[in-house]
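Just so you know, ligand 1 is whichever comes first in the structure, and atom 1 is the first atom listed for that ligand.
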Amino acid sequence: MKTRMLAMAALAILLLQGSASAKKDNSIKVIPYPLSVEMGKGNFKAIGASINCDQALSEDCKKEIVKFANILTKTSGTNSSVATPIGLARTIENGSKIKGFAFYLDPALESEEYSIVIEKKSVKVCASDRYGFLYAIQTLKQMLPTAVYGNATDPEAGWKLPCCTIKDKPFYKYRGMHLDSSRHFWSVEEVKKYLDILAVYKLNRFHWHLTDDQGWRIEIKKYPLLTQVGGFREGTMIGHDWNSDDGVRYGGYYTQDQIREVIAYADDLGITVIPEIDLPGHMQSVITAYPELGCSGGPYEVRKIWGVSDQVLCPGSEGAFEFLEGVLGEVAELFPSEYIHIGGDECDKVEWEKCEKCQAMIKELGIEADEKFTAEQYLQNYVTHRVKSFLESKGKKVIGWDEILQGGDIQGATVMSWNNKKIGQQAARSGMDVIFTPAQYCYFDHAQAKDEENEPLSIGGTLTIEKVYKLDPLYEQDEAVKEHTLGVQANLWTEYIATPEHLEYMLLPRLCALSEVQWCPLENKDFERFKQSVITREFPIFDLLGYTYSKRLLGIPGKDIIK
Ligand code: TNX
């Protein structure tokens, strides 16, 4: 008994210390933490509360609110509204003082911005567009019992919301997460589950890496061999052993219908899908399917090992551009996104140096090497320019990895800066838009802890959640860099990740840290507050939704979780 009391006293001291050291008010546990939170007194009873929406709201806003009404009704077990023509939410006039939830249009707020005022008898939510309501609802869900995320009814879960006033909007407009579906293939269901958890943390861009040396994953009607041949490899290296080959045929691809299904699913969550068609490097699967598109003419094979291939697209003949336009034309039609990612990374130039067609092209274009770039780097720059013009003619903008800067700036293109922050900062200063995804902070294929031997297979060293949380690409940067920075993204390359459990493990909970980098201004970031929220609030959500995740924050190594 005595020891129990002692333990409780120690716990109380710990809790007190915890709250005293937290910079921010710790009374709500929401990630990413809202811009401002002021706590009031008392609680709002959410169970059975009516849900009302301003009649001025557009259909797409009302849809979000009706969805919320349905979720609350199902999970709390009490009808949360009065039946009306728009489903479960009742229409009201802006300004009415209503008991229950009231969702109002406030045109003065920016896109994505919202406010929530919780009083004992009412919850007033304001936004100016669908995204604002979507994020307000995500915030409300994080403040409600975990059961709100599930399918089961739990009337006893404690359906209360603490009285408070929240004002919120994101720091960055582009809040992205990437997934490599080439090195390992993820089913539509797995991709949807991946998207579900991005939405919880208010991410709004899904960068889908669909093509690479080891597999082409998107159906292109004009070039069926891309998937039939390029979608399958005859084996995969085992672990880190570059000389191994498991000899097992591996592959898969998404039909255009499946792609449309994912796009619609993501859109419902407020997420835009940005496809990446990596070019002119990382195309060994392409030249295996169509060997005439390579410099030597082959034969080639879909690559079985990881790393950078020297077998790339040959830009020395017009056929290459015809091909790229054929592919990108279909891609531009399929994806509503204003951006298409055209890769551009790690394009080895040895074949181009030896290739007569490439060298003739270099001559014809009047390209000469100088102290800054090789002739072949200028040739890649030419390819990027041509592809960019083509996509612009289809109403699209391009994003490329920072290697698109070899051979000079490409004004009008957006740089995805992965090699280091400085390259991106420099590009922003030159007037190009930039998305920061520096490998040292944003590569979720790295191990979550220093003792990598206790973690599942990884590459690239260690990336702890603390390190992800520290990223601030605008720290000590000038206005030009700030103006041209669209946002931040993390990447999940899957060379060494073959199962959904492993994939989720690498994503979580680092995704939570990423979301605060993307959403919170510097002064709102506080690792201690964040960590407590992850452990006490987010882990139960992951458990309920059935995600595998790292428990390193609790000192539990990966080997105890991923067998
Ligand atoms: C570099 S980042 C790559 C990818 C690899 C990754 C492994 C980038 C643009 N290219 O092809 O998968 O490293 O971490």
Side-chain angles (χ1 to χ4, degrees), residues 176-186 205 207-217 230 233 236-237 239-240 242 250 274-286 302-313 339-349 377 380 383-384 398-406 410 413-424 427 434-448 452 455-463 467-468 471 473 488-498 502-503 506-507 510 514:
M177 184 67 217
H178 150 291
L179 173 64
D180 174 0
S181 279
S182 171
R183 274 58 175 269
H184 282 99
F185 180 71
W186 311 101
R205 297 289 185 277
H207 170 172
W208 204 1
H209 186 76
L210 286 165
T211 70
D212 216 305
D213 299 314
Q214 295 82 2
W216 180 280
R217 308 276 175 239
R233 59 178 180 258
T236 303
M237 65 181 263
H240 287 286
W242 292 86
Y250 181 93
I274 301 179
E276 179 187 348
I277 304 297
D278 206 344
L279 65 98
H282 287 279
M283 290 187 94
Q284 199 173 311
S285 59
V286 172
V302 179
R303 195 169 161 92
K304 298 195 254 181
I305 55 169
W306 316 128
V308 179
S309 166
D310 53 13
Q311 299 303 317
V312 302
L313 183 78
Y339 289 99
I340 305 284
H341 199 305
I342 57 165
D345 57 316
E346 301 175 322
C347 179
D348 193 296
K349 310 287 193 303
Q377 286 177 324
Q380 180 173 344
V383 174
T384 310
V398 303
I399 302 175
W401 298 110
D402 47 51
E403 289 94 327
I404 63 166
L405 297 169
Q406 290 174 6
I410 304 205
T414 295
V415 177
M416 190 167 266
S417 167
W418 70 280
N419 275 300
N420 73 54
K421 282 184 287 183
K422 287 208 176 84
I423 300 179
V434 176
I435 296 156
F436 284 94
T437 177
Q440 305 86 336
Y441 296 87
C442 295
Y443 272 39
F444 288 3
D445 52 350
H446 298 188
Q448 307 224 28
E452 288 171 23
E455 285 296 302
L457 207 58
S458 65
I459 37 161
T462 307
L463 175 60
K467 179 93 191 258
V468 178
L471 173 62
V488 175
Q489 174 177 298
N491 300 331
L492 194 31
W493 302 103
T494 58
E495 288 97 327
Y496 298 89
I497 302 167
H502 190 177
L503 184 77
M506 300 311 263
L507 181 67
R510 290 186 286 202
L514 173 72

Worksheet item: Any donor and acceptor pair, going by atom type alone, linking the side chain of His207 with main-chain N or O of Asn491 inside 3.5 Å?
Response: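 Absent.
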Discussion item. Checking the side chain of Ser181 only, and the main-chain atoms of His184 only, is there a donor and an acceptor separated by less than 3.5 Å?
Written reply: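 Looks like no, no N/O pair under 3.5 Å.
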Discussion item. What I want to check is whether the side chains of Lys421 and Gln440 have a donor and an acceptor closer together than 3.5 Å.
Written reply: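 There is no such pair (donor and acceptor under 3.5 Å, judged by atom type) between the side chains of Lys421 and Gln440.
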Can you report which non-hydrogen protein atom sits closest to [atom], along with the distance?
{"atom": "atom 3 (C) of ligand 1", "answer": "Glu346 OE1, 3.4 Å"}
{"atom": "atom 11 (O) of ligand 1", "answer": "Arg183 NH2, 3.0 Å"}
{"atom": "atom 5 (C) of ligand 1", "answer": "Glu495 OE2, 3.3 Å"}
{"atom": "atom 10 (N) of ligand 1", "answer": "Asp345 OD2, 2.9 Å"}
{"atom": "atom 2 (S) of ligand 1", "answer": "Tyr443 OH, 2.6 Å"}
{"atom": "atom 7 (C) of ligand 1", "answer": "Asp445 OD2, 3.5 Å"}

Locate the shortest heavy-atom distance separating [X] from [Y]; write the atom from each residue and the value.
{"X": "Leu514", "Y": "Gln489", "answer": "CD1-C, 4.1 Å"}
{"X": "Arg303", "Y": "Gln214", "answer": "O-CG, 3.3 Å"}
{"X": "Glu346", "Y": "Glu403", "answer": "N-OE2, 3.1 Å"}

Worksheet item: Counting each atom of ligand 1 from 1 as listed, which ones have a heavy atom of Trp401 under 4.0 Å away?
Response: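 Per the distance check, 9 (C).
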Worksheet item: Can you list the atoms of ligand 1 that are under 4.0 Å from a heavy atom of His282?
Response: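 Numbered from 1, ligand 1 contributes 11 (O).
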